[in-house]
Amino acid sequence: MITLTTALAVIEEVFRRFKESRIFLCRDVLLPDYIPEALPHREEQLRKLALILAPALRGSKPSNVIVYGPTGTGKTVCVLLVLRKLVEESRGGVISLYVNCRQYDTSYRVLTELCRQLGLHVPNSGLSTGEVLRRFSDGIEEYGKVAIVVLDEVDVLVKRSGDAVLYHLTRLNTSLSKGKVSIIGISNDLRFTELLDPRVRSSLGEETIVFPPYNYAELCDILRERARLAFKPGVVSDSVISLCAAIAAREHGDARKALDLLRVAGEIAEREGCEQVTEEHVKKALVQLERDRVSELLRGMPFHMKLVLLAIYVATKRYPLTVTTGDVYSTYCEVCSCIGVTPLTQRRVSDILAQLELLGLVEAKVVNLGRYGRTRRVKLIVGDEHLLKALEEEPQLRPLISSLRQSLSSGVTSAVVK
DNA sequence: CGTCCACAGGAATGACGGGCGG
DNA sequence: CCGCCCGTCATTCCTGTGGACG
């Protein structure tokens, strides 16, 4: 038992340490939603975007834009920065609406969110999508000026719910007399335009801005600049920055990842009571970030999707070379019978596999094996330990996983069930 | 050179829980 | 309360397909 006084002392100690951080000046600078004043190595993209959007200042409708590039290349932050300036400069002549399509991943949700940002009240359900679109359109017309709609991660929306919203949004202007709508679609994946109706494609892609991945040196620049603002002097050495940059450069030049690494490394250093962030801390941060990512993805995931993941894990132990959809499905059925659950159909599992690929937990390439059919070659792309740990959160799977661990450590890889 | 595997992945449909307007 | 519409998960039935095998 802890007495009340010592408990209070503990809390005070935590707060005191926090206030007198030896490590951070301002941790927020390293958070993903921080918008910096300067964006090194993105001058060209900023200029191009500003040029495209500038007509809004004279009240005409700017071209629609597709902003394209891998994760962590500064797409979102660039767009937000330019828009913030534009709205400021226009003195009320322009508004910007921002929707992340991963968060609002259906036509209906996107439209209601847009309405909400216009200040209209729209119920979360109960209305037809057409009705919500009409309300949005009325709202824009009433506003009577230029509205710039940012659809972040628009490829996710298109893959999940098709291009119907995009079609309607791009066509909105024909039915408006005073209001105007421009669309900025941000995407990780340029291939998504192939899924679009040709009319939507040409309308949305009037302009394209490409964001290439950052290279090692550019990442170093970015990190150095942020570290200067985030940390106390002398806390972060150049070698720590180089290490973060090198890891992120390896992973497709993802600046967000680099900043996350630096921040989490700093947090670990602080928790350990160190005065400096070391390369050890960065390595620990890498492990922690990966673990967090996996358990975050697994949390709230449908039960059978977890079963499929487990089946993939078991199947890769069994057939180390090539795991096909068929292998996964039969293993999955075994897993189901193990815990007394009726399995889903193969069709459904095929969809789940595709979703797992979209989530980045699994690589599932379609391959043709000639006589031996057409299938997916399935590969886990997360660490085994992270996966098992996260799966163990599910009480029903715990016994199965612990027996799996045992049989694995004793070298028996074939007998997993019964 | 045609066959035929082992699935991919589209379309239609339905069950279900939930929110809203009336 | 009802009737309507929503999103989600799942099933059923279906057509399509690249290339190794015979």
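Per chain, numbering begins at 1; letters A, B, ... match sequence-line order. Keep in mind that the numbers below use all heavy atoms, side chains included, and drop hydrogens, waters and symmetry copies.
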Does a side-chain N or O from [X] land closer than 4.0 Å to OP1 or OP2 of [N], or not?
X        : N      : answer
A/Thr325 : B/dA8  : yes
A/Ser350 : B/dA8  : yes
A/Arg371 : C/dC21 : no
A/Thr375 : B/dC5  : no

Could you tell me the separation between the [atom1] atom of [X] and the [atom2] atom of [N], rounded to a whole number of Å?
X        : N      : atom1 : atom2 : result
A/Leu369 : B/dC4  : CG    : C1'   : 14 Å
A/Arg374 : C/dG16 : CZ    : C1'   : 7 Å
A/Ile352 : C/dT8  : CD1   : C1'   : 12 Å
A/Asp351 : C/dT12 : CG    : P     : 14 Å
A/Met305 : C/dT8  : CE    : P     : 12 Å
A/Gln355 : C/dT8  : CD    : C1'   : 10 Å
A/Leu344 : B/dA15 : CG    : C1'   : 14 Å
A/Glu357 : B/dA8  : CD    : C1'   : 12 Å

>> Taking donor-acceptor contacts at under 3.5 Å, does the side chain of A/Arg376 reach the base of B/dG9?
In response: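 Per atom types, no contact qualifies.
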
>> With nearest nucleotide decided by heavy atoms, which residue, A/Gly373 or A/Gln346, maps closer to the 5′ end of DNA chain B?
In response: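 It is A/Gly373 whose nearest nucleotide is closer to the 5' end.
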
Can you identify which nucleotide, out of [options], has its nearest atom closest to the [X] side chain?
X        : options               : result
A/Arg347 : C/dA10, C/dT8, B/dG10 : B/dG10
A/Asn368 : C/dC21, C/dC9, C/dG19 : C/dG19
A/Arg109 : C/dA10, C/dG7, C/dT12 : C/dG7
A/Val366 : C/dT8, B/dG9, C/dT11  : B/dG9

>> How about CD on A/Glu290, more than 12 heavy atoms from neighbouring residues, nucleotides or ligands closer than 6.0 Å, or not?
In response: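 Enclosed.
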
> Is it the case that more than 12 heavy atoms not belonging to A/Arg293 sit under 6.0 Å from its CZ atom?
Replying inline: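 For A/Arg293, atom CZ is crowded (more than 12 foreign heavy atoms under 6.0 Å).
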
>> I'd like to know if A/Arg47 pairs up with A/Glu43 as an ion pair, taking the criterion as any Lys NZ or Arg NE/NH1/NH2 lying under 4.0 Å from an Asp or Glu carboxylate oxygen.
In response: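 Not counted as a salt bridge, because no side-chain N and carboxylate O are separated by less than 4.0 Å.
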
> Could A/Glu357 and A/Lys365 be called an ion pair, given the rule that one side-chain N must be under 4.0 Å from one carboxylate O?
Replying inline: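 Not counted as a salt bridge, because no side-chain N and carboxylate O are separated by less than 4.0 Å.
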
> Where do A/Thr208 and A/Lys48 come nearest, in terms of heavy atoms and distance?
Replying inline: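 Looking at all heavy atoms of both residues, the shortest contact is O-NZ, 2.8 Å.
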
